[in-house]
K.L.:
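Please read through the structure below; I'll follow up with questions.
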Amino acid sequence: MKQTLADHQGCGTSGGSGKSSCGSSAGPADMAPEIWEKVKNHPCYSEEAHHHYARMHVAVAPACNIQCNYCNRKYDCANESRPGVVSEKLTPEQAARKVLAVASTIPQMTVLGIAGPGDSLANPAKTFETFERISKVAPDIKLCLSTNGLALPELVPMIKNYNVDHVTITINMVDPEVGEQIYPWIFYKNKRWKGRDAAKILTERQLEGLELLTSAGILAKINSVMIPGINDQHLIEVNKAVKSRGAFLHNIMPLISEAEHGTYFGLNGQRGPTAQELKALQDACEGDMNMMRHCRQCRADAVGLLGEDRSAEFTLEKLMEKTEIEYDLEARKAYQELVEAERQDKVAAREKEMAEMASVESDTKILIAVATKGGGRINEHFGHAKEFQIYEVSTAGAKFVGHRRVDLYCQGGYGEEEGLDTIIRAINDCTAVFVAKIGGCPKNDLQAAGIDPVDAYAFEYIEQSALAYFKDYVARVESGELVHTARGDAQIRQGAFAA
Ligand code: CLF
Ligand code: SF4
């Protein structure tokens, strides 16, 4: 089926049946098929999917109904975005045009999210008009929204009617005493509420909204911002509260806080967590609850794979230059079938490597940093990496546990020593860094810092390679060639972000 923005009159999806079902992967054994169908190509709801599938946001929701102490309204909603990021606001009509343009250029773009720049549900008319327009012109795209939850309970039936299958609520506390340190005020029922009263209303509305989403069969993800000294210990209680109300996934994100962002916390010196503090909390919450560790705190007009940002290719100015945009659903499906085949090949390679792990006995765990452009492969040069993905490897397997943003090492063909220092600080807790290619200088400096630079697995699958490296590592430790030493902590990048 081919259609254009100009000729499109609605191609009909009944009851969500127009959603993509390309691919044949049956999904994990512990997941019901109908849930797998919803998450298998959603890059935020499935860690595995985020190596292959992209999302896009449209910034159609400017207003907000609460104030968070980590937010400066000059920038995007910090419940999903890194501070200091400003998105280009769109009307619902412009948003629909942008979705078509992106979908026709990036066939693996499977999810459209509304995440600001304010709160999606504080702008219900704009948010739902956007969803309506998009479901008519691009029926295979999953719809997603993110909210602070204050306006959520009454809007759950609308969310259901518009076939929005994925909703994120940012829940930072379930105790108003903690909440009053995070939220100075909310605007509710035509009145401004402050302090503990405000926090009490907010937590009640958020939990009620979550229960209603669960009963409506909508997958709910919870975002929580980890604020050391304020809610870090309390987030374990939050995790229990949301788990018991049916949340599908919990995403604990680091507070990013600098005076230059002009937020209350930034101006008052509130620090964010270190990499190991964040990981320890995520580990403590992980039981039978799925923890999301691959969130990139996207901007409200983000486009592309998580971790890449192609929003500059789709500015309003560029969109307006195009007279006709072709939406080729069949081509999108064909491309996504190729992605599914690659994905299954990757899983088979990992399982083969795991089968060989059965003979390894060791309680060692190591972290490995990986330079990747996507596809689950080690396919990025060290000097071009804007982030490293972090895997924890043990005899239990290779598990994605986070990512670290870094400043580019290679600027205009030359390595920047200053950039290298920040990279080393960002991956200081890792035993090795996997890259497609690396120059002699950074190699020596990484080795001096105790991090093994590895280009032997260039362009191979990440997990398979991490398992192979681990087996070799354990053998070298056993033979006395290497001494296994615990690594230190690492820093989460602060400062303003362009993307
Ligand atoms: Fe966007 Fe959010 Fe939907 Fe994803 S983002 S509305 S659930 S489509 Fe994803 Fe970005 Fe993290 Fe959000 S990585 S900030 S969790
Ligand atoms: Fe800012 Fe988002 Fe909080 Fe509103 S909900 S104050 S936009 S961080």
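In listed order, ligands and their atoms are each counted from 1. Quantities reported herein were computed from a predicted structural model and do not represent experimental measurements. What's counted below: heavy atoms across the whole structure, side chains too, no hydrogens, waters or symmetry copies. Numbers here simply count residues along the sequence, with the first being 1.
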K.L.:
Considering A78, S146, A61, which one's heavy-atom position lies nearest to atom 8 (S) of ligand 2?
P.N.:
A78
K.L.:
How close do P228 and G272 get, heavy atom to heavy atom, and via which atoms?
P.N.:
CG-C, 3.6 Å
K.L.:
What's the shortest distance from atom 2 (Fe) of ligand 2 to any protein heavy atom, and which residue and atom give it?
P.N.:
C77 SG, 2.2 Å
K.L.:
Identify, by atom number and element, the atoms of ligand 1 in contact range of L306, meaning under 4.0 Å from any of its heavy atoms.
P.N.:
13 (S)
K.L.:
Looking only at the side chains, is there a donor atom on one of N148 and N65 sitting less than 3.5 Å from an acceptor on the other?
P.N.:
yes
K.L.:
Note the single closest protein heavy atom to atom 4 (Fe) of ligand 2, along with its residue, its atom name and the distance in Å.
P.N.:
C64 SG, 2.3 Å
K.L.:
Just checking, is any N or O donor in the side chain of H250 or S224 under 3.5 Å from an acceptor N or O on the other one?
P.N.:
yes
K.L.:
Taking the six-membered ring for Trp, are W193 and Y188 parallel (under 30°), tilted (30 to 60°) or perpendicular (over 60°)?
P.N.:
tilted
K.L.:
Run the numbers for me: atoms of ligand 1, each under 4.0 Å from some heavy atom of V111, listed by number.
P.N.:
8 (S)
K.L.:
Which residue and atom name correspond to the protein heavy atom nearest atom 5 (S) of ligand 2, and how close is it?
P.N.:
N79 ND2, 3.2 Å
K.L.:
Looking only at heavy atoms, what is the nearest atom pair of R271 and L255, with distance?
P.N.:
O-CD2, 3.6 Å
K.L.:
Between D283 and K279, does any side-chain N to carboxylate O distance fall below 4.0 Å?
P.N.:
yes
K.L.:
Is it true that E48 and K40 make a salt bridge, defined as a side-chain N closer than 4.0 Å to a carboxylate O?
P.N.:
no
K.L.:
Is it true that M56 lies under 4.0 Å from ligand 1, counting heavy atoms only?
P.N.:
no
K.L.:
Given H57, R55, M253, H50, which has its nearest heavy atom closest to atom 1 (Fe) of ligand 1?
P.N.:
H57
K.L.:
If you count the atoms of ligand 1 from 1 in the order shown, which ones are under 4.0 Å from a heavy atom of C144?
P.N.:
3 (Fe), 6 (S), 7 (S), 8 (S)
K.L.:
Strictly under 4.0 Å, does any heavy atom of D119 approach an atom of ligand 2?
P.N.:
no
K.L.:
On a heavy-atom basis, which atom in L145 and which in F131 lie closest, and how many Å separate them?
P.N.:
CD2-CE1, 3.8 Å
K.L.:
Against heavy atoms of T168, which atoms of ligand 1 measure under 4.0 Å?
P.N.:
7 (S)
K.L.:
Taking only heavy atoms of R296 into account, list the atoms of ligand 1 that are under 4.0 Å away from them.
P.N.:
11 (Fe), 13 (S)
K.L.:
Can you sort out which atoms of ligand 1 are near C295, meaning under 4.0 Å from one of its heavy atoms?
P.N.:
11 (Fe), 13 (S), 14 (S), 15 (S)
K.L.:
For atom 9 (Fe) of ligand 1, what is the closest protein heavy atom, and at what distance to 0.1 Å?
P.N.:
C44 SG, 2.3 Å
K.L.:
Of all the atoms in C298, is at least one N, O or S atom closer to atom 10 (Fe) of ligand 1 than 2.8 Å?
P.N.:
yes
K.L.:
Salt bridge check, E88 against K98: does any charged N sit closer than 4.0 Å to a carboxylate O?
P.N.:
no
K.L.:
Short list, please: which atoms of ligand 2 are under 4.0 Å from a heavy atom of C68?
P.N.:
3 (Fe), 5 (S), 6 (S), 8 (S)
K.L.:
Which atoms from ligand 2 have a heavy atom of C71 less than 4.0 Å away?
P.N.:
1 (Fe), 6 (S), 7 (S), 8 (S)
K.L.:
Examine the side chains of D429 and Q276 and answer whether a donor and an acceptor come within less than 3.5 Å of each other.
P.N.:
yes
K.L.:
Under 4.0 Å, heavy-atom basis, I'd like to know which part of H166 is in contact with ligand 1: side chain, backbone, both or neither.
P.N.:
neither
